[in-house]
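The structure appears right after this line, and notes come after that.
The basis for the numbers below is simple: all heavy atoms, side chains too, and nothing from hydrogens, waters or symmetry mates.
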Amino acid sequence: MGQILLLHSVYGLRPAVLAAAARLRAAGHEVVTPDLYGLPAADTVEEGFALLDKVGRDVVLDRARVAARDLPAEAVLAGFSMGAGVAGALLAERPAAAALLLLHGTAGGPEAVRPGLPVQLHLADPDEYDPQDEVEEWQRAMTAAGADLSVYRYPGPGHLYTDPDLPDHDPVATGLTWDRALAFLAAH
């Protein structure tokens, strides 16, 4: 199996991220889950954005770079919401990444996509942070750039539906997301 850099959401390094890493490890992957804030995780999205503002986006990206430094060039880049955005930002610097796994947010620009790059997106439908028209535009751009793109929409749950400690949580969508993500990772 492969190595995965798994990046947390704006909430910080919550138990749900560590549980996801444990699930991936149980499937045979090596997983790195850096704390991009270096501060206790938030309980609300507003507190999470306050943490992001306090730490700064540049520091968050630099900490992700440090976490990726010792991983092989072909490590999978993965993230939850904000972490998906950070994973997408790292793609330009890690063009040999085996895949890009995006949970709860679009990420990665077409300019960073190599032809055939496996990309999988899991998103609530609707999602307050990723409007349908923006998702469709991103999807067209990524496909045109050559990404091997799979997009899964889950009707009804809230944005961060894989976190059981948040009101967004949806156990059915979560189960389906992890089934699909584990199959995707096993193939790449």
Side-chain angles (χ1 to χ4, degrees), residues 1-25 27-42 45 47-123 129-130 134 138 141-142 145-150 159-160 162-163 181-182 184-185 188:
M1 294 299 190
Q3 293 190 323
I4 302 169
L5 178 63
L6 182 62
L7 303 167
H8 63 72
S9 74
V10 75
Y11 282 85
L13 190 57
R14 293 173 52 86
V17 177
L18 300 175
R23 183 186 299 241
L24 295 169
R25 288 183 188 108
H29 301 284
E30 293 180 35
V31 185
V32 174
T33 55
D35 182 348
L36 302 176
Y37 291 162
L39 297 167
V45 70
E47 291 172 2
F49 280 111
L51 284 175
L52 177 59
D53 288 343
K54 180 177 182 175
V55 173
R57 294 177 191 276
D58 291 340
V59 171
V60 165
L61 186 56
D62 286 343
R63 288 178 177 169
R65 285 184 181 114
V66 168
R69 185 179 305 149
D70 293 331
L71 293 173
E74 65 276 2
V76 172
L77 302 173
F80 294 92
S81 191
M82 177 203 78
V86 175
L90 289 178
L91 185 61
E93 302 167 18
R94 299 183 63 85
L100 183 61
L101 175 61
L102 306 172
L103 303 157
H104 314 293
T106 58
E111 65 282 352
V113 172
R114 71 171 188 280
L117 174 71
V119 178
Q120 190 177 74
L121 169 66
H122 299 271
L123 201 61
Y129 298 102
D130 284 286
E134 291 178 16
W138 173 85
M142 293 293 278
D148 179 8
L149 180 63
S150 301
H159 173 69
L160 204 58
T162 59
D163 189 326
L182 288 171
F184 171 76
L185 293 169
H188 304 292

Atom of [X], atom of [Y] and distance for their closest heavy-atom approach:
{"X": "P40", "Y": "L51", "value": "O-CD1, 3.5 Å"}
{"X": "H188", "Y": "A98", "value": "O-CB, 3.6 Å"}
{"X": "A75", "Y": "R94", "value": "CB-NH2, 4.1 Å"}
{"X": "A141", "Y": "P110", "value": "O-CB, 3.5 Å"}
{"X": "A107", "Y": "G88", "value": "CB-CA, 4.0 Å"}
{"X": "A89", "Y": "L61", "value": "CB-CD1, 4.0 Å"}

Looking at side-chain heavy atoms only, is the closest gap between [X] and [Y] below 4.5 Å?
{"X": "L39", "Y": "K54", "answer": "yes"}
{"X": "L90", "Y": "L5", "answer": "yes"}
{"X": "S150", "Y": "F184", "answer": "no"}
{"X": "V10", "Y": "V45", "answer": "yes"}
{"X": "T106", "Y": "L121", "answer": "yes"}
{"X": "L36", "Y": "L7", "answer": "yes"}

Would you call the rings of Y37 and H8 parallel, tilted or perpendicular, where under 30° means parallel and over 60° means perpendicular?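 Correct class here is perpendicular.
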Between S9 and H104, does any side-chain donor sit less than 3.5 Å from a side-chain acceptor?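 The answer is no; no qualifying pair exists.
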Can you measure from [atom1] ([X]) to [atom2] ([Y]) and round to the nearest 0.5 angstrom?
{"X": "T162", "Y": "H159", "atom1": "OG1", "atom2": "NE2", "value": "9.0 Å"}
{"X": "E30", "Y": "L71", "atom1": "CD", "atom2": "CG", "value": "9.0 Å"}
{"X": "S81", "Y": "D130", "atom1": "OG", "atom2": "CG", "value": "7.5 Å"}
{"X": "D163", "Y": "Y11", "atom1": "CG", "atom2": "OH", "value": "7.5 Å"}
{"X": "L77", "Y": "L6", "atom1": "CG", "atom2": "CG", "value": "11.0 Å"}
{"X": "Q120", "Y": "L100", "atom1": "CD", "atom2": "CG", "value": "10.5 Å"}

Between [X] (side chain) and [Y] (backbone), is there a donor-acceptor pair under 3.5 Å?
{"X": "R63", "Y": "P34", "result": "no"}
{"X": "R25", "Y": "A20", "result": "no"}
{"X": "W138", "Y": "G109", "result": "no"}

Using a strict 4.0 Å threshold on nitrogen-to-oxygen distance, state whether R65 and E93 make a salt bridge.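 Salt bridge between R65 and E93, a charged N being under 4.0 Å from a carboxylate O: yes.
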Begin with the C-alpha distance, continue with both residues' side-chain angles, and end with the deciding distance and a verdict on side-chain contact (heavy atoms from CB on, under 4.5 Å) for L117 and D148. CA-CA 6 Å; L117 174 71; D148 179 8; over 6 Å; no
Counting only heavy atoms not in D58, do more than 12 fall under 6.0 Å of its CG?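 Result for CG/D58: open.
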Tell me whether the count of non-hydrogen atoms from other residues, nucleotides or ligands lying under 6.0 Å of CZ in R114 goes above 12.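 Atom CZ in R114 is crowded, with more than 12 foreign heavy atoms closer than 6.0 Å.
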Run the side-chain contact (heavy atoms from CB on, under 4.5 Å) check on Q3 and V76 step by step: do they pass? CA-CA 6 Å; Q3 293 190 323; V76 172; over 6 Å; no
For the pair L18 and T33, evaluate side-chain contact (heavy atoms from CB on, under 4.5 Å) and give the outcome as yes or no after the intermediate values. CA-CA 7 Å; L18 300 175; T33 55; 3.8 Å; yes
Working note: V60 + M82, criterion side-chain contact (heavy atoms from CB on, under 4.5 Å); need CA distance, chi angles, decisive distance, verdict. CA-CA 10 Å; V60 165; M82 177 203 78; 4.2 Å; yes
